[in-house]
Amino acid sequence: MEIATKYDPSSVEDKWYRFWMENGFFRSVPDEREPYCIVIPPPNVTGVLHMGHMLNNTIQDILVRRARMLGKNACWVPGTDHASIATEAKVVAKLREQGIDKSSLSREEFLAHAWEWKEKHGGIILEQLKKLGASCDWDRTCFTMDEARFETVIDVFIDLYNKGLIYRGARMINWDPKALTAVSDEEVIYKEVKSKLYYVRYRIEGSSDEWITIATTRPETILGDTAICVHPDDERYANLKGRKIHVPLINRAVPVIFDEYVDKEFGTGALKVTPAHDINDYNLGLKYNLEVVDTFNPDGTLSEAAQLYIGENRFKVRTKIVRDLDTAGHIVKIEDYTNKVGYSERTDEIIEPRISVQWFMKMKELAKPALEVVENETVRFHPAKYKNMYRHWMGNVNDWCISRQLLWGHRIPAWHLPDGSFVVAKTRHEAFELAKSRIPDPGSRITIDDLKQDEDVLDTWFSSWLWPISVFDGIRHPDNADINYYYPTVDLVTAPEIIFFWVARMIMAGLLFRNEVPFRNVYFTGIVRDKQGRKMSKSLGNSPEPIELIGKYGADAVRMGMLLCSPAGNDLLYDDSLVEQGRNFCNKVWNAMRLVKGWETDPGLEQPKSNQVSVEWFDSVLNTALIDINEQFTRYRLSEALKDVYKLVWDDFCSWYLEMIKPAFQMPVDSKTYDATLVFFEKLIRLMHPFMPFLTEEIFHVLHNSGEASIMQTRLPLSGVIDNGLISEFDFIRQLVMSVRAVRSEKNIPQKEQIPVFIRSENNKGKTGHFHDVVIKLCNLSELQYSPDQPESSVSFIVGTTECFIPLLQNINPEEEIKKLEEEIQYQQGFLNTVMKKLDNESFVNNAPARVVDAEKKKKADAESRIAVLKDQVNTLRN
RNA sequence: GGGAGCAUAGCUCAGCCGGUUCAGAGCAUCUGCCUUACAAGCAGAGGGUCACAGGUUCGAAUCCUGUUGCUCCCA
């Protein structure tokens, strides 16, 4: 059979993915095995796969496939998130393209469009994950707004409301004037912007020319001022007690209040107070019972209450009011100023603090136990440094604003009554019954049609936080077989930026509803950046298209590339060269298979000693590596694990082992060695399978025509006996071989040309042992002999403390050799000096552990003997 | 303003509790090879005052303090 010299992923990947799906290898149902479960961080239905998903899902797939091959019942639950703001924005944009205005549609009509959009685009990202090789149990695919999840969310809302954890109230919230909705604190991104600090003077009541100057970055909110605040200890303003101040342009008289909140050093030390438009001012307003004048409309234009500039955009008004203030003689000066301004994560609009009636969830009580389980490592973070961040946040949580003024989402199950009160219930009917029961006078005339359901929907994270429970329907059916078996899940793989949005809240939900954490480990991936360290973004155009990348290099190569350079929690600077490295590795493995597959065996051939020892050696190397790699996994150092695999396969297996046992051209190999090699190869591809599922499945089948079996069904190789003596014996051989090669390279001796090597030995006893023939083969030697003397006209080198020679007829320049030797002597002498310095130091000898002192003594002896040998060489050359 | 983390080769990083010929790996670079598995390859080579300054110690990349620079989170 002809096998191509290059591995072609495109010809095998779809084939094997179909094979896995058709055989249901990803399917998991509860049984007697130990469960291993991961729930996917559900990507947005609006999303298409980006590099962050690639990294994240590669890691999950590696963990799941590994668990499966450890004999666990592995279950990876996929799904998508309805992403209310993002999806609604997309649907609105699409409708606009069709000339349809959102406001012209009823709620039901809009939702019909949204669902249509979801059905059409919602599955794309999951199909893309399949290209990556994701081994999700697709039969379990969930959507945060499918029937079970929807009902779950509503049930939870009602439950928490009844428990008093959810309340409705007027609070200052972050308002997105573009999306026309409240957003949570976590959805506000603070950016540093260059702006101006305006010094504006306000006239003091009862005088014609007494003024107080305040500094503000937001002059357009002046119309909403209801107080001036100064520090109680500020002598400059002590005379203002009991006086009133006139707000410019509208001449509203407002009080002066004295509060330590004011920073005397900032600006003029006097602060204008606008309770409707600043969170700190709002708090001052509460404290001093100030009037609240809301001068903005929801869309960020000025309202009637502003009296001036009504209907105009807030930033246009800023320019205008500054001009008008100046004209009226109120502007004292304007300074450049840099401050931080909050932007909406979704729309990039500047957030407007706004007082509005919203739904909130109390967080303090929930935060405490959720912090506790991370502190005591019931939930472990990888890397652990995120514990600090988590602790800090959990100690300072505010109540969670869970209502959004959107249509796409879980509509809040609250029903408003004509008298302004409301009831919370699942259906209109239940709400009606509840409302009736609450009204003391049964004769009061409300009808079921008087109930009006709350217009708001819930924050998207209000469904996500239930995800590890809701995917198993554990809220509606708390005792079902799935939830009992799979919950708590084992690992969660996610980005550190959603540690509070999502991770913390899932932990709270888990403890609240199941009295058990949702997962044992959280693996935080880094952010995928470009080579210059910039975030990947559409606007920069610096993100490769993942599907194209897979098409070009193969899924296995991309997976490897993603992982190779991304230790947990570190950002990954993406570069195509990483994926190329992955592809090259695939090809290397492919060609190793071609080599082994091409060998003929001869049953009559006895196994040479050198092959036997090579097999024993690699067996020990492999067993050592298996332990190391397993250790890397238990520490969640996946990137390191992959590097170890890479070295084991490329260096130890291909570069050394295969070269050691490789038969001469068109010669057969003995069957013992051949069989051992096949066993090694199979162990290696099993070990590699979680990282590179497609290539390993292909090789698995090429190696033994496996038919309907899959490598997925096999177990990871287990470590066996390790002969450390043999390993260190080979370390000497490796150095010897490398030294001979170095001489060849230096002296321009072609690899084809056979050369002799002599090893100095007084008693003709060899140091190469069973590897004798291996050395001859790897170095292409005509002979390898032991001799007490140095042959005529030869170059020498030292391996450890052993002197070796290669006789050369030409190419020897004594001067050059002497120079090199003397450089080496100098280096060794320097080394010896540092060792001597330690050994001459009495406190070192007395205080250091014996083992360390002995090591130094050995260093000394070795260095001395090497120097002696080198000096000897120089003398020989001189004569 | 509050908190956290990082600084080691051109790049990305490893180096856990101080001691292995400790200054490492991969990539990149340079040199020589199309050697019958693989040029997506093979062999070899060069490259770092471990940010800076102190301290602890027989001994510091590793522990402590300070300085500088960068990054992230929170307000």
Side-chain angles (χ1 to χ4, degrees), chain A residues 3-7 185-186 188 190 263 266 279-280 340 342 383 385-393 395-398 496-497 499-500 527 531 533 553 557 564-567 569-575 577-578 580-599 635 637 639-640 642-644 646-647 650-651 654-655 658-659 662 664-666 737-746 748-753 778-780 800 827-828 831-832 834-835 837-849 851-856 858-859 862-863 866:
Chain A
I3 307 177
T5 59
K6 299 231 182 325
Y7 170 58
D185 292 346
E186 289 73 27
V188 180
Y190 289 89
D263 178 1
F266 184 82
I279 181 69
N280 298 306
K340 294 224 174 146
K385 66 177 176 185
Y386 287 108
K387 265 173 92 167
N388 293 328
M389 241 173 87
Y390 185 82
R391 183 182 305 125
H392 191 248
W393 189 77
N396 299 291
V397 279
N398 293 316
E497 56 213 52
I499 187 169
F500 309 126
I527 297 166
K531 223 180 161 182
Y553 294 100
L564 263 176
C565 227
S566 58
N570 271 31
D571 286 357
L572 155 69
L573 300 194
Y574 174 81
D575 187 70
S577 70
L578 293 168
E580 271 173 35
Q581 201 185 338
R583 177 200 59 184
N584 295 354
F585 183 62
C586 291
N587 199 49
K588 184 72 186 178
V589 177
W590 178 255
N591 275 290
M593 178 207 67
R594 282 182 61 220
L595 175 69
V596 174
K597 188 78 184 159
W599 287 342
R635 296 168 65 188
R637 296 165 56 130
S639 182
E640 297 293 317
L642 176 58
K643 277 180 193 164
D644 288 350
Y646 182 91
K647 275 198 283 196
W650 197 310
D651 295 348
C654 292
S655 295
L658 288 180
E659 295 298 331
K662 184 157 100 179
F665 182 52
Q666 287 190 335
V737 170
M738 288 171 75
S739 302
V740 173
R741 285 173 178 168
V743 172
R744 269 188 191 276
S745 181
E746 256 171 52
N748 283 318
I749 307 166
Q751 180 62 31
K752 277 182 193 165
E753 188 182 321
L778 292 179
C779 297
N780 192 24
Y827 172 83
Q828 292 294 340
F831 174 70
L832 181 61
T834 66
V835 174
K837 225 162 133 188
K838 279 191 190 175
L839 286 171
D840 288 346
N841 182 341
E842 264 182 55
S843 22
F844 170 74
V845 180
N846 294 336
N847 293 321
R851 148 186 86 78
V852 175
V853 177
D854 287 347
E856 292 301 317
K858 170 135 186 4
K859 283 187 209 169
D862 286 357
R866 248 170 292 157

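First the proteins, then the strands, lettered A, B, ... as listed; each starts at 1.
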*Say you pick atom P in B:C27 and the same atom in B:G66; how far apart are they, in whole Å?*
41 Å

Atom pairs, N/O to N/O, protein against nucleotides 58-61 of chain B, distance under 3.5 Å?
unit_1 : atom_1 : unit_2   : atom_2 : d
B:C58  : O4'    : A:Ser843 : OG     : 3.4
B:C58  : O2'    : A:Asn841 : ND2    : 2.8

*Can you list the residues that meet the salt bridge (charged side-chain N to carboxylate O under 4.0 Å, His left out) rule with A:Glu659, with sequence neighbours excluded?*
A:Lys662

*asked:* Under the rule for side-chain contact (heavy atoms from CB on, under 4.5 Å), what residues qualify as partners of A:Asn280, not counting sequence neighbours?
replied: A:Tyr261, A:Asp278

*Heavy-atom distance under 4.5 Å between the side chains of A:Val853 and A:Lys838, does that happen here?*
no

*For atom C1', what is the distance between B:G5 and B:G10, given to the nearest Å?*
25 Å

*Using atom types as modelled and distance alone, determine if a side-chain donor or acceptor of A:Trp590 lies under 3.5 Å from a backbone N or O of A:Ala4.*
yes

_With rounding to the closest Å, how many angstrom separate the C1' atoms on B:A75 and B:C58?_
50 Å

Short heteroatom pairs, N/O only, protein and nucleotides 37-43 of chain B, under 3.5 Å:
unit_1 : atom_1 : unit_2   : atom_2 : d
B:A37  : OP1    : A:Lys662 : NZ     : 3.3
B:A37  : O2'    : A:Asn591 : OD1    : 2.7
B:A37  : O2'    : A:Arg594 : NH1    : 2.6
B:A37  : N6     : A:Glu659 : OE2    : 3.0
B:A37  : N3     : A:Asn591 : O      : 3.0
B:A37  : N3     : A:Ala592 : N      : 3.4
B:C38  : O4'    : A:Asn591 : OD1    : 2.9
B:C38  : O4'    : A:Asn591 : ND2    : 3.4
B:C38  : O2'    : A:Asn587 : ND2    : 3.3
B:C38  : O2'    : A:Asn591 : ND2    : 3.4
B:C38  : O2     : A:Lys588 : NZ     : 3.1
B:C38  : N3     : A:Lys588 : NZ     : 2.8
B:A40  : O4'    : A:Asn584 : OD1    : 3.1
B:A40  : O2'    : A:Asn587 : ND2    : 3.0
B:A40  : N3     : A:Arg583 : NE     : 3.3
B:G41  : OP1    : A:Asn584 : ND2    : 3.3
B:G41  : O3'    : A:Lys588 : NZ     : 3.3
B:C42  : OP1    : A:Lys588 : NZ     : 2.8
B:C42  : OP1    : A:Trp650 : NE1    : 2.7

*asked:* A side-chain contact here means heavy atoms from C-beta on lying under 4.5 Å apart; do A:Arg741 and A:Cys779 qualify?
replied: no

*How far does the P atom of B:U12 sit from the matching atom of B:A51, given to the nearest Å?*
15 Å

*Residues in salt bridge (charged side-chain N to carboxylate O under 4.0 Å, His left out) with A:Glu580, at least two apart?*
none

_Check: A:Asn587 side chain, A:Arg583 main-chain N or O, donor-acceptor pair, under 3.5 Å_ = no

*Assigned glycosidic conformation for B:U49 [threshold 90° from 0]*: syn

*asked:* Taking salt bridge (charged side-chain N to carboxylate O under 4.0 Å, His left out) as the definition, give me every residue that meets it alongside A:Lys6, ordered by chain and number, with sequence neighbours left out.
replied: none

*Using whole Å, report how far CG of A:Asn846 lies from P of B:U57.*
16 Å

*Which residues pass the ring pair (Phe, Tyr, Trp, His ring centres under 6.0 Å) test with A:Trp650, sequence neighbours left out?*
A:Tyr646

*Can you tell me the distance, in whole Å, between the CG atom of A:Asp644 and the C1' atom of B:G15?*
13 Å

_Contact check, side chains of A:Asp840 and A:Val845, non-hydrogen atoms, under 4.5 Å_ = no

*Say you pick atom C1' in B:U35 and the same atom in B:G41; how far apart are they, in whole Å?*
11 Å

*asked:* Nearest whole Å is fine: how far is B:U36 P from A:Gln666 CD?
replied: 12 Å

*So which one's nearest nucleotide on RNA chain B is more toward 5', A:Glu580 or A:Arg635?*
A:Arg635

_Whole angstrom value for the distance that separates C1' of B:U20 from CG of A:Asp862_ = 12 Å

Polar-atom pairs under 3.5 Å, protein N or O versus N or O of nucleotides 23-26 of chain B: list them with distances, or write none.
unit_1 : atom_1 : unit_2   : atom_2 : d
B:G26  : O2'    : A:Gln581 : NE2    : 2.9

*Let me know the distance between CD1 of A:Ile749 and C1' of B:C33, rounded to the nearest Å.*
14 Å

*In dot-bracket form, how is RNA chain B paired, counting a Watson-Crick or G-U wobble pair only if both its distances are under 3.5 Å and using | for bases paired to another strand?*
(((((((..((((.....[....)))).(((((.......))))).....(((((..]....)))))))))))).

*Just label B:C33 as syn or anti from its O4'-C1'-N9-C4 or O4'-C1'-N1-C2 angle, using within 90° of 0 for syn.*
anti

*asked:* Using whole Å, what does the distance between atom C1' of nucleotide B:G44 and atom CZ of A:Arg744 come to?
replied: 13 Å

*5'-most contact on RNA chain B: A:Asn398 or A:Arg637, nearest heavy atom basis?*
A:Arg637

*A:Asp862: what forms a salt bridge (charged side-chain N to carboxylate O under 4.0 Å, His left out) with it, not counting sequence neighbours?*
A:Lys858

*Which heavy-atom pair separates A:Ala592 from A:Cys654 by the least distance, and what is that distance?*
CB-SG, 3.9 Å

_Just verifying a value: how many Å separate A:Asn591 CG and A:Cys586 SG, rounded to the nearest 0.5 Å?_
11.5 Å

*Please round to the nearest 0.5 Å and tell me the distance separating atom CD1 of A:Ile499 and atom CH2 of A:Trp393.*
9.5 Å

*In whole Å, what separates the P atom of B:G55 from that of B:U71?*
32 Å

_Check: A:Arg744 side chain, A:Pro750 main-chain N or O, donor-acceptor pair, under 3.5 Å_ = yes

*How many Å lie between OH on A:Tyr386 and C1' on B:C72, as a whole number?*
8 Å

*Sugar-phosphate means primed atoms, P, OP1 and OP2; the rest is base. With that split, encode nucleotides 1-10 of chain B 5' to 3' as B, S or - using protein heavy atoms under 4.0 Å.*
-B-S------

*Would you indicate what A:Arg391 reaches in the nucleic acid, counting non-hydrogen atoms under 4.0 angstrom: base, sugar-phosphate, or nothing?*
nothing

*Go through the structure and list residues passing side-chain contact (heavy atoms from CB on, under 4.5 Å) with A:Asn398, not counting sequence neighbours.*
A:Asp185

*Spacing between A:Ile279 atom CD1 and B:C74 atom P, to the nearest angstrom*: 17 Å

*Using atom C1' of each nucleotide, how far apart are B:C64 and B:C72 to the nearest Å?*
25 Å

_Parallel, tilted or perpendicular, judged at 30° and 60°: which one describes the rings of A:Phe500 and A:Tyr390?_
parallel

*Considering non-hydrogen atoms only, spot the tightest contact between A:Leu564 and A:Lys643 and give its length.*
O-CE, 3.3 Å

*Separation of the P atoms in B:A23 and B:A60, to the nearest angstrom*: 13 Å

